[in-house]
Amino acid sequence: MPPPYAPPDNFFPLTMSIIVQKFGGTSVADSKKILAAARKAIRAKMDGHQVVTVVSAMGQNTDVLIDLAKQITDNPPPREMDMLLATGEQVSVALMAMAIHSLGHEAISLTGAQIGIITDSTHTKARIHSISTDRIHKYLDRGNIVIAAGFQGIDDAFNITTLGRGGSDTTAVALAAVLGAVSCEIYTDVDGVYTTDPRIMPEARRVAQISYDEMLELASAGAAVMHNRSIEFAKNFSVPVHVRSSFSDVPGTMIVHEPEAPNMAVCGAALSKDEARVTIRGVPDHPGTAHAIFSRIAAKNIPIDMIVQSEGAQGMADMSFSVSRDDLGHIMQVMEEAKKELNAEAVTFDDDVAKVSVVGLGMATQTGVAGAMFTALAEKGINIEMITTSEIKISVLVAREHAVEALRTVHGAFQLSVPPRDCMKHGEGSQAAPMKLDTPTLLRRLEKVAQLERLEKLIIDEIALDETQAMITFVGLADIPGLAAQTFDELAEAGIVVDMIVQSIGRENRADISVTVKRAELEKSLAVAKEIAKSLSCPMPTYAAKVAKLSVFGTGIKSHSGVASRMFRALSESRINLELISTSEVRINVVVDGACGARALAALKKEFADSLVSGNGE
Ligand code: ADP
Ligand code: ASP
Ligand code: MG
């Protein structure tokens, strides 16, 4: 048992509350803007707070530095890249501190290393292990505004590291967590979180409030307004995050545990334009195949998404997944090795695709959401090339030329511009009001920080087994717009509740779609499925009367790129074959043969024993 947590002597949340403010690149793009940001920090101090300000590199400076490196070499060593990129934030913290001095207040700038932000050694996407707060507290207590460089840290061997593009958000929320800050304000060039990127769709609506889980999914689906790992921190340590404009006093958006409107199926849509789809064809359909492929990818720390497995010819399987186009070169090398090892038929890719996702906590309890999305796309003649769903997210791949139209179509289909009627709000009125945490909550948070051996650790909340499902697979559907829509419309019309949906491109431009349904509804579903297949002139659907669905959910599931691979290894070592896979930020689902459920659960619990917590933490 660890000793009971004792708050530090200088912890007086009731009398002296700490606020963390973060200013993004555009908000410190020139000297005038730096002075404006400095005034915001001073205003918070004059209101009686201790203020920590996290700053990003000025304007597009990080891009300029990356470009410089690329002019020298195509393949810069990651360590040197971090050394270079960290200079961007060092420039801004110094200027910000000078600005505050010039306005008559005390301030001190600190780099990540000077603060003591200790990370692992994964250069260019390092994870935070620990943050020492002594130095910051000391300066705050002396009346300084502390200016912290965003996006950077130092590893055990004193190498400078960076946290990944957009990582200053993560620095800010992490500091708010460990300092027991009452609030974390993210000042940026938009006045809050919108239902989709307002620069792509001016009709997008600013939301007053959004839940951590929804923001996490949106962030990793392409909503660049927040770095996804910052939301993992916020969720883990219950840090209320207030996203607002650097340039206006609009109230902005609160990111908290609860959604804006609990009954709304979809709260936002996101576009990730530069995606690629990779397919490995003709791999053995037996335990160990997924592991052989994904362990190689995990070893290289390449994040992948939308993993789909489909039946190939003669007992073989095809596997596809999506990956950021930037990582394609890297991943194709890995896949060529996997192809040799597995004696696969071919590895192909399509780098002309984009991912459109819709997200909403409400979809977990509502039917017909996927069908509505597919129908809207079909009506515009947009073909869906791949589908995966999780409890609170549906993602589709479409040709890049249709990306923006597809986003606009789904945004319109779910009427995201219209404010929900049953809003849940913090504070009064329809605008976000900053939420303040009470002292017991802050103490609990600090206790949690004190007990964690690593801050950005993988946390598995639960591993669940669902033995109530059956699976139906439509094989060889013609790959033309509208087929997914028709299939789901007809299933919905028959009142059939579909859980997981996975669509992949099969052979000769034919698509396979697998769905899971309740076992009790299998017969009815099959009858409908056969009718659908007949009307589409495709082969009769196949089915498995009993499948088991295993879900691993928690925090860091996707950003720790090895989780899927560990899951596949554990199942493969227990000789359990995978039927379906779907991934999201907060969970990975796999479907296996119904007879293997209990064994699969035991294997996963063993594999993740060190990350599994009971309950939800706070
Ligand atoms: P900063 O430099 O302040 O960190 P970023 O460029 O990282 O700013 O993030 C802000 C940008 O995020 C906005 O300019 C906007 O184009 C984009 N964005 C994408 N999706 C959304 C969304 N759902 N809501 C608000 N902004 C979004
Ligand atoms: N300057 C870094 C970037 O451009 C970090 C950040 O802005 O959050 O990615
Ligand atoms: Mg950003």
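Everything numeric in this text was worked out from a predicted model, so none of it was measured.
By the 4.0 Å N-to-carboxylate-O rule, Lys549 lies close enough to Glu391 to be salt-bridged with it. Between Asp327 and Lys125 there is no salt bridge, since no side-chain N of the basic residue sits under 4.0 Å from a carboxylate O of the acidic one. Asp352 has a carboxylate O that lies under 4.0 Å from a charged side-chain N of Arg400, or vice versa, which qualifies the two as a salt bridge. Between Arg199 and Asp189 there is a salt bridge, since at least one side-chain N of the basic residue sits less than 4.0 Å from a carboxylate O of the acidic one. Ion pairing between Lys380 and Glu405 fails under the 4.0 Å rule for side-chain N and carboxylate O.
With a 4.5 Å cut-off on side-chain heavy atoms, Val308 and Thr388 count as touching. Counting heavy atoms from C-beta on, the side chains of Ile210 and Leu218 come closer than 4.5 Å. Within the 4.5 Å cutoff, no side-chain heavy atoms of Gln333 are placed close to those of Lys300. Side-chain atoms of Gln152 and Ile117, non-hydrogen and from C-beta on, never get closer than 4.5 Å to each other. Side-chain contact between Val241 and Val173 is present, with at least one heavy-atom pair separated by less than 4.5 Å. Contact of the Val266 side chain with the Met373 side chain is not registered, since no non-hydrogen atoms from C-beta on lie closer than 4.5 Å. Side-chain contact between Asn577 and Val592 is absent, with no heavy-atom pair separated by less than 4.5 Å. Here the side chains of Thr487 and Phe374 are not in contact, with every heavy-atom distance at 4.5 Å or above.
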Report the C-alpha separation of Asp82 and Thr162 in whole Å, then their side-chain angles, then the decisive distance to 0.1 Å, and conclude whether the side-chain hydrogen bond (donor to acceptor under 3.5 Å, both in side chains) test is met. CA-CA 6 Å; Asp82 277 354; Thr162 64; 2.6 Å; yes

Apply side-chain contact (heavy atoms from CB on, under 4.5 Å) to Glu341 and Ile293, showing your working. CA-CA 9 Å; Glu341 184 189 321; Ile293 297 170; over 6 Å; no

Verify salt bridge (charged side-chain N to carboxylate O under 4.0 Å, His left out) between Asp169 and Arg229, making sure each step is shown before the conclusion. CA-CA 8 Å; Asp169 298 328; Arg229 280 162 49 198; over 6 Å; no

Show, in sequence, the C-alpha distance, side-chain angles and deciding distance for Ile581 and Phe568, and conclude whether the side-chain contact (heavy atoms from CB on, under 4.5 Å) test is met. CA-CA 10 Å; Ile581 304 161; Phe568 302 156; 3.9 Å; yes

Applying side-chain contact (heavy atoms from CB on, under 4.5 Å) to Val358 and Met363, what does each step give before you reach the verdict? CA-CA 10 Å; Val358 296; Met363 79 174 70; 4.1 Å; yes

Does Ile384 form a side-chain contact (heavy atoms from CB on, under 4.5 Å) with Ile382? I'd like the steps, not just the answer. CA-CA 7 Å; Ile384 300 173; Ile382 299 172; 5.9 Å; no

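Although no hydrogens or angles enter the test, the distance criterion places no donor-acceptor pair under 3.5 Å between the side chain of Asp499 and the main chain of Val517. Thr171 places a side-chain N or O within donor-acceptor distance of the main-chain N or O of Phe151, the cut-off being under 3.5 Å. Between the side chain of Ser295 and the main chain of His291, a donor-acceptor pair closer than 3.5 Å is present. No donor-acceptor distance shorter than 3.5 angstrom exists from the side chain of Thr409 to the backbone of Leu377, with no hydrogens or angles considered. Judged by distance alone, the side chain of Glu345 and the main-chain N or O of Arg281 form no donor-acceptor pair under 3.5 Å. Between the side chain of Asp120 and the main chain of Arg127, a donor-acceptor pair closer than 3.5 Å is present. A donor-acceptor distance shorter than 3.5 angstrom exists from the side chain of Thr389 to the backbone of Ile501, with no hydrogens or angles considered. Judged by distance alone, with hydrogens and angles left aside, the side-chain atoms of Arg566 form a donor-acceptor pair with the main-chain N or O of Glu607 at under 3.5 Å. Here the side chain of Thr279 pairs no donor or acceptor atom with the backbone of Ser320 at under 3.5 angstrom. Proximity of a side-chain donor or acceptor of Arg277 to a complementary backbone N or O of Val353 within less than 3.5 Å is not detected.
Note that the CG atom of Leu612 and the CG atom of Leu458 stand 10.0 Å from one another [nearest 0.5 Å]. Here CD of Glu89 is found 5.5 Å from OG of Ser56. Values are rounded to the nearest 0.5 Å. Atoms OG and CD1, from Ser322 and Ile304 in turn, are 8.0 Å apart once rounded to the nearest 0.5 Å. His286 NE2 to Met316 CE: the interatomic distance, rounded to the nearest 0.5 Å, is 8.0 Å. Going from atom CD of Gln90 over to atom OG1 of Thr111 covers 6.5 Å, rounded to the nearest 0.5 Å. For the atom pair OG (Ser551) and CG (Asp461), the distance works out to 12.5 Å, reported to the nearest 0.5 Å.
Enclosure of atom CD in Glu337 by more than 12 non-hydrogen atoms of other residues, nucleotides or ligands within 6.0 angstrom is indicated. Residue Phe608 qualifies as enclosed at atom CZ: its count of foreign heavy atoms under 6.0 Å is above 12.
Residues that satisfy the side chain to side chain donor-acceptor pair (under 3.5 Å) test with Thr516, not counting sequence neighbours, are Gln469. Residues that satisfy the ring-ring contact (aromatic ring centres under 6.0 Å, His included) test with Phe321, not counting sequence neighbours, are Phe294. Partners of Phe233 under the ring-ring contact (aromatic ring centres under 6.0 Å, His included) rule, at least two apart in sequence or in another chain, are Phe237. With sequence neighbours left out, Glu573 forms a side chain to side chain donor-acceptor pair (under 3.5 Å) with no residue at all.
What you find for Ala413 and Ala376 is that their closest heavy atoms are CB-CB, 3.6 Å. For the residue pair Ser121 and Asp155, the shortest heavy atom distance occurs at OG-OD2, 2.9 Å. Here the closest non-hydrogen pair linking Thr195 and Cys267 is CG2-O, 3.7 Å. Shortest non-hydrogen contact noted between Ala403 and Ala354 is CB-CB, 3.6 Å. Contact between Leu455 and Ser130 at its shortest, heavy atoms only, is CD1-CA, 3.9 Å. Between Pro303 and Val323, the shortest heavy-atom distance links the atoms O-CG2, 3.8 Å.
With Glu217 as the fixed residue, the side-chain hydrogen bond (donor to acceptor under 3.5 Å, both in side chains) test singles out one of Ser211, Ser357, Ser584, Ser395: Ser584. Across Thr555, Asn236, Leu216, a single residue satisfies side chain to side chain contact (heavy atoms under 4.5 Å, CB included) together with Ile231, and that is Leu216.
Listed by first then second residue, pairs satisfying salt bridge (Lys or Arg N to Asp or Glu O under 4.0 Å) with a partner in residues 62-81 read Asp63-Arg165, not counting sequence neighbours. Sequence neighbours left out, the pairs with a member in residues 301-310 that pass salt bridge (Lys or Arg N to Asp or Glu O under 4.0 Å) are Asp305-Lys355, Asp305-Lys558.
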